Amino acid sequence: MEKTFNLNTDVKIQLGTFYVEVWGCQMNVYDGGRIKDLLTAAGFTKVDRPKDADVVLLVTCAVRAKAEDKVFNQIAAWRHTGDIDEHTIIALGGCVGTELAEKILELDKSVNIVFGPRTIHRLPQMIGQFSATHEPVVDVTADEIEKFDYLPESGPVGPSAFVTIMEGCSNKCTYCIVPYTRGEEESRRVQDILDECVNHISNGVKEIHLLGQNVNSYHGLNEDGSICNFSSLLYEVAAIPGVERIRFTTSNPMDFTDDIIEAVKNLDVISDQIHVPIQAGSDRILEAMHRRYTAKKYIELTQKLRAARPTVHISSDFIVGFPGETAEDFEETMRVVNEVKFDQSFSFVYSKRPGTPAAELPDDTPKEVKMERLYRLQNRLEELAREYTQAFIGTTQRCLVEGTSRKDENELKSRASSGRIVVFKGPTSLVGQMVDVKITSVVAHTLKGELVNG
Ligand code: SAH
Ligand code: SF4
Ligand code: F3S
């Protein structure tokens, strides 16, 4: 039977079921959560399998070619297994939504709705329109951020909550598709962000994780029309009663100014884990990437951060094999890695993204050479991370208990300030609480310990 949803009504009725699949970065995870809040408030019921859903929503990532391909492979796989059929309404959104827009309808004819990161709030209308007309609906407009004004309050999310503080990015690093998929950088108003944090705290959240493509350049409006920068926002969020930990992702080294370092020093609630993507260690490559800092500047930043907070754990992102990267350029990256001694970091082989400036550059380094470089880098990063993990043995870590361990229901799973997972035996009544755990052993990068005063 064809599904028809009439959304032009003020009466909340059971409209149907939806399933959301999310790929990509934390900003997509945030959007996926908000889509659930929105559709639930509009009268839909969330289900946990595409098979049970009238509407299947995909929140996608376009950062590398592989991420993009995965989306279309997944739809084909679901069709093959019968998890979706011709009655399922398929709504494809996220960064592939904006990147390919109308083209998606040609690439996969089963897609009915295309939305973007900035149009999630219009999903109920888009679903209603498709149901009424059976004509595909494409709405990926990305000129302003209005979505936050149209999303309902979030319900309980557990002890840690993502809060997006800005959308888009205007940096235009030459390899990166994000500025084209999420639009120009725009900051949310301070009060909106604080209200969202307060709502989360009232729902039991202890940790606020602030999100943006470059949080360090946050410049939102205060109530009086003045501009609030990122360090001031950190003080404001830290001042909310009940906020016990603040994380933020992602920091561009270029905008990591002294006032933000000072905030890291002054605010104990800021976590020890600071993620600052460097991408490459060669100044020549950094310039070609349009990153606007040098390796020396980056190293100085890490020194300042460590002086401000000796317990800080600096993690990073790396791109290996950017067009024109020579063996010497790569050695520069290894040199910086050995000097900074990064903790748990991410590294990727460069992926050509259509429409970005780097896609036009000659790229004659063979794939095998790039893979060898990646392998060397990842081995060294892993070695460093292991040293940090081992060094936790014997220390006491303040941890936020997230739930029970998947492997052993008598064990609780928590997270230390450094981002490490810490498991220990304890009562489930501690879920959602901050506790002290003495670390006794490690398994891979997971820390095992005992509750202090438990
Ligand atoms: N805004 C963040 C990064 C967001 S994208 C920042 O500026 O640091 C997350 C990571 O994906 C980047 O840090 C980069 O390492 C990687 N990435 C982005 N574009 C890529 C590409 N074309 N190929 C390979 N990796 C890429
Ligand atoms: Fe992409 Fe650069 Fe913006 Fe990060 S800062 S999202 S890497 S363009
Ligand atoms: Fe991917 Fe878009 Fe995030 S491209 S990394 S989901 S901003």
Side-chain angles (χ1 to χ4, degrees), residues 21-32 58-71 92-100 115-118 120 140 142 162 164-186 210-218 248-256 274-281 285-286 288-293 298 301 314-323 325 333 342 345-361 363 370-371 373-374 377-378 381:
E21 179 90 20
V22 178
W23 290 284
C25 64
Q26 290 141 328
M27 299 196 70
N28 266 10
V29 176
Y30 174 87
D31 284 347
L58 305 142
V59 185
T60 66
C61 174
V63 80
R64 285 170 289 276
K66 233 188 223 163
E68 191 176 314
D69 297 343
K70 199 152 81 180
V71 176
L92 194 158
C95 288
V96 179
T98 358
E99 186 206 3
L100 300 178
F115 62 101
R118 294 192 184 200
I120 59 171
V140 296
F162 287 134
T164 291
I165 62 168
M166 60 215 289
E167 263 296 342
C169 181
S170 302
N171 284 330
K172 304 213 166 54
C173 302
T174 55
Y175 51 83
C176 184
I177 201 160
V178 172
Y180 312 96
T181 63
R182 295 192 97 94
E184 292 285 332
E185 178 184 295
E186 218 177 313
L210 304 173
L211 298 179
Q213 289 304 340
N214 180 12
V215 287
N216 297 11
S217 71
Y218 173 81
F248 50 86
T249 315
T250 301
S251 288
N252 191 313
M254 165 181 89
D255 295 309
F256 215 125
I274 310 267
H275 187 65
V276 200
I278 182 170
Q279 312 301 357
I285 295 297
L286 286 172
M289 288 176 161
H290 197 223
R291 287 293 286 186
R292 290 176 275 184
Y293 51 84
Y298 185 94
L301 166 64
I314 298 165
S315 58
S316 208
D317 290 350
F318 296 84
I319 296 177
V320 168
F322 182 81
E325 183 191 74
T333 299
F342 290 98
S345 297
F346 301 97
S347 46
F348 320 88
V349 165
Y350 166 75
S351 171
K352 181 172 166 170
R353 305 313 294 127
T356 60
E360 307 301 318
L361 297 174
D363 183 7
K370 292 188 179 190
M371 291 311 291
R373 288 179 193 165
L374 182 71
L377 173 64
Q378 290 188 334
L381 290 170

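In listed order, ligands and their atoms are each counted from 1. Values in this document were obtained by computation on a predicted structure and should not be read as measured data.
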*Asks:* How close does the nearest protein non-hydrogen atom get to atom 6 (S) of ligand 2, and which residue and atom is it?
*Replies:* Q213 OE1, 3.6 Å

*Asks:* Please write down residue, atom name and distance for the protein heavy atom closest to atom 3 (Fe) of ligand 2.
*Replies:* C169 SG, 2.2 Å

*Asks:* Tell me whether the rings of F322 and Y350 are parallel (<30°), tilted (30 to 60°) or perpendicular (>60°).
*Replies:* perpendicular

*Asks:* Quick one: does S251 get an N or O within less than 3.5 Å of an N or O on ligand 1?
*Replies:*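 It does not: no N or O of S251 is found under 3.5 Å from an N or O of ligand 1.
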
*Asks:* Given that the side chain starts at C-beta and the backbone is N, CA, C, O, which of these parts of F348 lies under 4.0 Å from ligand 1, counting heavy atoms, or is it both or neither?
*Replies:*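 Contact part for F348 vs ligand 1: side chain (C-beta onward).
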
*Asks:* Would you say V349 touches ligand 1, if touching means a heavy atom closer than 4.0 Å?
*Replies:* yes

*Asks:* For the residue pair E184 / S170, report whether a side-chain donor-acceptor contact shorter than 3.5 Å exists.
*Replies:*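 The answer is yes; a qualifying pair exists.
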
*Asks:* Hey, is V63 touching ligand 1 through its side chain, its backbone, both or neither, going by heavy atoms under 4.0 Å?
*Replies:* both

*Asks:* Of the protein's non-hydrogen atoms, which lies at the shortest distance from atom 2 (Fe) of ligand 3, and what is that distance?
*Replies:* C95 SG, 2.2 Å

*Asks:* Is there a nitrogen or oxygen of S351 sitting under 3.5 Å from a nitrogen or oxygen of ligand 1?
*Replies:* yes

*Asks:* Say whether N252, considering both its backbone and side-chain N or O atoms, lies within less than 3.5 Å of an N or O atom on ligand 1.
*Replies:* no

*Asks:* Can a donor-acceptor pair be found between the side chains of N171 and R292 at a distance below 3.5 Å?
*Replies:*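 Yes, because at least one side-chain N or O of N171 sits under 3.5 Å from a partner of the opposite role on R292.
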
*Asks:* Considering non-hydrogen atoms of the protein only, which is the closest contact for atom 2 (Fe) of ligand 2, and what is the distance?
*Replies:*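 Residue, atom and distance for the closest contact: C173 SG, 2.3 Å.
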
*Asks:* Is it the case that over 12 heavy atoms from other parts of the model lie below 6.0 angstrom from the NZ atom of K352?
*Replies:*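 12 or below, so no.
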
*Asks:* Please report which non-hydrogen protein atom sits nearest to atom 5 (S) of ligand 2, along with the residue it belongs to and the distance in Å to one decimal place.
*Replies:*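 I find the closest protein heavy atom is N171 ND2, 3.3 Å.
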
*Asks:* So is R182 touching ligand 3 or not, going by heavy atoms under 4.0 Å?
*Replies:*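 Heavy atoms of R182 do come under 4.0 Å of ligand 3.
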
*Asks:* Closest by any non-hydrogen atom to atom 4 (Fe) of ligand 2: pick that one out of R182, H290, R291, Q279.
*Replies:* R291

*Asks:* Just need the protein heavy atom nearest to atom 16 (C) of ligand 1, so name the residue and atom and give the distance.
*Replies:*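 Of the protein heavy atoms, R64 NH1, 3.4 Å lies nearest.
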
*Asks:* What protein heavy atom sits nearest atom 1 (Fe) of ligand 2, and how far away is it?
*Replies:*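 Nearest neighbour among protein heavy atoms for atom 1 (Fe) of ligand 2, to 0.1 Å: C176 SG, 2.3 Å.
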
*Asks:* Out of R182, Q213, K66, whose heavy atom is nearest to atom 3 (C) of ligand 1?
*Replies:*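 Nearest option to atom 3 (C) of ligand 1, by heavy atoms: Q213.
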
*Asks:* For ligand 2, which atoms, with element, lie under 4.0 Å from some heavy atom of V178?
*Replies:* 6 (S)

*Asks:* Give me the residue, atom name and distance of the protein heavy atom closest to atom 7 (S) of ligand 2.
*Replies:* Y175 OH, 3.3 Å

*Asks:* Could you work out, for atom 7 (O) of ligand 1, the closest of R291, R353, Q279 by heavy-atom distance?
*Replies:* R291

*Asks:* What atoms of ligand 2 come within less than 4.0 Å of a heavy atom belonging to P179?
*Replies:* 8 (S)

*Asks:* Is P277 touching ligand 1 with its side chain, its backbone, both, or neither, if touching means heavy atoms under 4.0 Å apart?
*Replies:*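 Within the 4.0 Å criterion, P277 contacts ligand 1 through side-chain atoms alone.
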
*Asks:* Would you say N28's side chain and W23's backbone share a donor-acceptor pair under 3.5 angstrom?
*Replies:* yes

*Asks:* Enumerate the atoms of ligand 2 whose separation from the nearest heavy atom of K172 is less than 4.0 angstrom.
*Replies:*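 Reading through ligand 2 atom by atom, the close ones are 8 (S).
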
*Asks:* Taking N, O or S atoms only and a limit of 2.8 Å, check whether C61 reaches atom 3 (Fe) of ligand 3.
*Replies:*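 Given the 2.8 Å cut-off, C61 does not count as a ligand of atom 3 (Fe) of ligand 3.
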
*Asks:* If you measure from atom 4 (S) of ligand 3 to every heavy atom of G168, C176, A62, which option wins on shortest distance?
*Replies:*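 Going through G168, C176, A62 one by one, A62 has the nearest heavy atom to atom 4 (S) of ligand 3.
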
*Asks:* Heavy-atom pairs closer than 4.0 Å: do any link ligand 3 to the side chain of Q213, the backbone, both, or neither?
*Replies:* side chain

*Asks:* Run R64 and Y175 through side chain to side chain donor-acceptor pair (under 3.5 Å) and show every step you take.
*Replies:* CA-CA 10 Å; R64 285 170 289 276; Y175 51 83; over 6 Å; no

*Asks:* Do any heavy atoms of N252 fall under 4.0 Å from ligand 2?
*Replies:*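 Checking ligand 2 against N252, which is what was asked, there is a heavy-atom contact under 4.0 Å.
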
*Asks:* Considering only the protein, which heavy-atom contact is closest to atom 3 (Fe) of ligand 3, and what is its distance?
*Replies:*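 Nearest protein contact, heavy atoms only, for atom 3 (Fe) of ligand 3 is C25 SG, 2.3 Å.
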
*Asks:* Could you tell me whether R353 and E68 make a salt bridge, using a distance below 4.0 angstrom between a side-chain N and a carboxylate O?
*Replies:*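 Result for this pair is yes, salt bridge flagged.
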
*Asks:* Using heavy atoms and a 4.0 Å limit, tell me yes or no: is V178 in contact with ligand 1?
*Replies:* no

*Asks:* Tell me: protein heavy atom nearest atom 6 (S) of ligand 3, and distance?
*Replies:* N28 ND2, 3.2 Å

